[in-house]
2 protein chains.
Amino acid sequence: MRQNYTMKATFDPARVAVVLVRPSHPGNIGAAARAMKTMGLADLALVQPRHFPHAEADAMAAGAKDVLERARVFDELAPALADRELAVGFSARRRDLSHVPREWRELAPEILAAPGRIALVFGNETSGLSNDELLRCQRFATFATNPGYGSLNLAAAVQLATYEVAFAARLFEPAAAGHRAPASGADLEGLHAHLAEALVACGFLDPAKPGRLDERMRRLASRPSLEREEVDLLRGMLRALSARDGDPPAQ
Amino acid sequence: MRQNYTMKATFDPARVAVVLVRPSHPGNIGAAARAMKTMGLADLALVQPRHFPHAEADAMAAGAKDVLERARVFDELAPALADRELAVGFSARRRDLSHVPREWRELAPEILAAPGRIALVFGNETSGLSNDELLRCQRFATFATNPGYGSLNLAAAVQLATYEVAFAARLFEPAAAGHRAPASGADLEGLHAHLAEALVACGFLDPAKPGRLDERMRRLASRPSLEREEVDLLRGMLRALSARDGDPPAQ
């Protein structure tokens, strides 16, 4: 299978750690590890996990068990942040006593543009981060969600957070397009000339009264970005259609 | 609890349906329903789900059981798309026989800007969408992921997809900031004058040799966007500090 993306070699994935504080459900730990790995991250810290290691965490991690195996476990939040220059606390709620959290999509590029190791800190599934835990963070982030039901699953929040990290760091770049070359202007002109010729030859188009057929066909052909192979295919069809009437195949 | 966001009243959530084709794990159906609801969507269609309804789906849906209850179940993909003007097939792989999928983050705003009802179509956890299923879609979308491990969990993919829909539709807008008024220029000038006065009074600052203290303090105060309440708090501290030396509290 060909890969659609390549990973940027200059980004150090260890720059961004994910810290789960007091997670209750081991399945969420595994799903968070999987989410991290899909986005190129691997540094997971767990503060007082209720159950870890656990078979359910392994099952939900799928191909990201290596992230679980290397996860560091702490008794408190402070030592999990000791090697980090910046901790970002994720919170679903606006709290009166803390800073108003900023939309992560907007904040992530600012943070990733500056140097320093970062922790993305997520609280317990039910209670989130306590005020004490939030006060250990220097930035506060959130996701815009449904005011009627904004309860993101913990692993879903990690997925969104790491997705924005990958995007902000431009971590994945489209791989070279390979053989699917887009059609050039000359390819398209060749197609239109060929089509006009075939339609005149078969009597569909009267060259004295072309009407708006050429315009319509150009509009149709411009809708999808035609690939060179597709132009070749269409011209092959035209050759075959023209030949059916006994004329020599058009070139 | 105060809400951080309001939902745009002019967006019709029924415009965007999520279609899960042959999902194997009922937990993923529930988690997808939850993901949808957090992003303001509610229209879920299931094509040949292996198990549905199912207790595990209910458990993973958490507060989004209403989405599961209203989910429509189909035997085939075509009828699930019958009321949709556009179907977007999500695929993790580039396939030689189909269009190259586009990054959903880039495609979603284009699609949401046009009128018409949309289906976001996701395949089976293991095999994805078949070629036949992909051919029923008019657009193809993907997420940039780790080339070494790009396997998004099904519900995680639904979370990312609907997150981008909410963003592209500007579905959630920050609620009014409430009482946390930012400090005005006058508030800040009052603070700096008060500080200078207190520092002169306590002997820390010699008004004949101010040096760069004022500049430094202004720089410090401008770093976070100070709120009016915080300015009040700081001035209260200055008053108290000044009064400690036996001077009358500065106003």
Side-chain angles (χ1 to χ4, degrees), chain A residues 1-7 13 27 31 34-41 60 62-64 66-67 91-96 99-101 103 105 142-153 155-160 163-164 166-167 170-175 177-180 224-225 227, chain B residues 1-7 13 27 31 34-41 60 62-64 66-67 91-96 99-101 103 105 142-153 155-160 163-164 166-167 170-175 177-180 224-225 227:
Chain A
M1 185 199 318
R2 287 189 300 152
Q3 297 299 344
N4 297 4
Y5 292 91
T6 58
M7 183 154 22
R34 178 174 179 176
M36 289 170 62
K37 189 167 178 180
T38 62
M39 295 298 151
L41 302 181
M60 290 301 283
D66 55 323
V67 174
S91 168
R93 296 187 275 286
R94 173 184 292 167
R95 286 157 195 260
D96 286 330
H99 277 69
V100 176
E103 178 71 20
R105 189 178 185 111
T142 193
F143 300 102
T145 52
N146 185 350
Y149 182 70
S151 171
L152 287 168
N153 164 270
V158 171
Q159 186 74 69
L160 292 180
Y163 168 72
E164 291 293 357
F167 197 85
R170 302 186 184 283
L171 196 47
F172 307 122
E173 284 160 12
H179 69 284
R180 302 181 76 89
S225 290
E227 293 166 4
Chain B
M1 184 197 317
R2 286 189 302 151
Q3 296 299 344
N4 297 2
Y5 293 90
T6 59
M7 184 152 25
R34 178 173 178 176
M36 289 169 62
K37 189 167 178 178
T38 62
M39 294 299 151
L41 301 181
M60 290 301 283
D66 56 323
V67 174
S91 169
R93 296 186 274 288
R94 174 184 293 168
R95 287 158 195 259
D96 286 330
H99 278 68
V100 176
E103 178 72 20
R105 191 180 184 109
T142 194
F143 299 101
T145 52
N146 184 350
Y149 182 70
S151 171
L152 287 168
N153 165 270
V158 171
Q159 186 74 70
L160 292 180
Y163 169 71
E164 291 292 357
F167 197 84
R170 303 186 182 285
L171 196 47
F172 307 122
E173 283 160 12
H179 70 283
R180 302 182 77 87
S225 289
E227 292 165 5

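Numbers restart at 1 for each chain; the letters A, B, ... are given by sequence-line order, proteins then strands. All values reported here derive from a predicted model rather than from experimental measurement.
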Participant: Non-hydrogen atoms of chain B under 4.5 Å away: do they reach the side chain of Ala31(A), the backbone, both or neither?
Facilitator: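 For Ala31(A), no heavy atom lies under 4.5 Å from chain B.
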Participant: What part of Ala144(B) is in contact with chain A, defined as an atom under 4.5 angstrom from a non-hydrogen atom: side chain, backbone, both or neither?
Facilitator: both
Participant: Go through the structure and list residues passing side chain to side chain contact (heavy atoms under 4.5 Å, CB included) with Phe167(A), not counting sequence neighbours.
Facilitator: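 With neighbours one apart ignored, the set is Glu164(A), Arg105(B).
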Participant: Which one wins on heavy-atom pair count under 4.5 Å against chain B: Gly150(A), Gly40(A), Ala155(A)?
Facilitator: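 The residue among Gly150(A), Gly40(A), Ala155(A) with the greatest pair count is Gly40(A).
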Participant: Specify which of Val158(B), Leu171(B), Leu152(B) makes the most heavy-atom pairs with chain A at under 4.5 Å.
Facilitator: Leu152(B)
Participant: Let me know if Ala35(B) has heavy atoms under 4.5 Å from chain A in its side chain, its backbone, both or neither.
Facilitator: neither
Participant: Under a 4.5 Å heavy-atom cut-off, does chain A meet the side chain of Ala64(B), its backbone, both or neither?
Facilitator: both
Participant: Quick one: closest heavy-atom pair of Phe143(A) and Glu103(A), and the distance?
Facilitator: C-OE1, 3.7 Å
Participant: Given a strict heavy-atom distance threshold of 4.5 Å, which part of Tyr163(A) is in contact with chain B: side chain, backbone, both, or neither?
Facilitator: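 Tyr163(A) touches chain B through side-chain heavy atoms alone.
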Participant: Output yes when a side-chain donor or acceptor of Arg34(B) lies under 3.5 Å from a complementary backbone atom of Ser151(A), and no otherwise.
Facilitator: yes
Participant: Could you please spell out the steps behind the side-chain contact (heavy atoms from CB on, under 4.5 Å) verdict for Phe172(B) and Thr6(B)?
Facilitator: CA-CA 5 Å; Phe172(B) 307 122; Thr6(B) 59; over 6 Å; no
Participant: Where do Pro147(A) and Met7(B) come nearest, in terms of heavy atoms and distance?
Facilitator: CG-N, 3.6 Å
Participant: Could you measure the distance from the OG1 atom of Thr145(A) to the CG atom of Leu160(A)? Nearest 0.5 Å is fine.
Facilitator: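 Spacing of OG1 (Thr145(A)) from CG (Leu160(A)) equals 10.0 Å.
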Participant: Is chain B contacted by the side chain of Ala166(A), its backbone, both, or neither, given a heavy-atom distance below 4.5 Å?
Facilitator: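 The answer is neither part of Ala166(A).
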Participant: Relative to chain B, which segment of Ala62(A) carries a heavy atom at a distance below 4.5 Å: side chain, backbone, both, or neither?
Facilitator: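 Answer is both: backbone and side chain atoms of Ala62(A) are under 4.5 Å from chain B.
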Participant: Is there a donor-acceptor contact under 3.5 Å from the side chain of Thr142(B) to the main chain of Ser91(B)?
Facilitator: yes
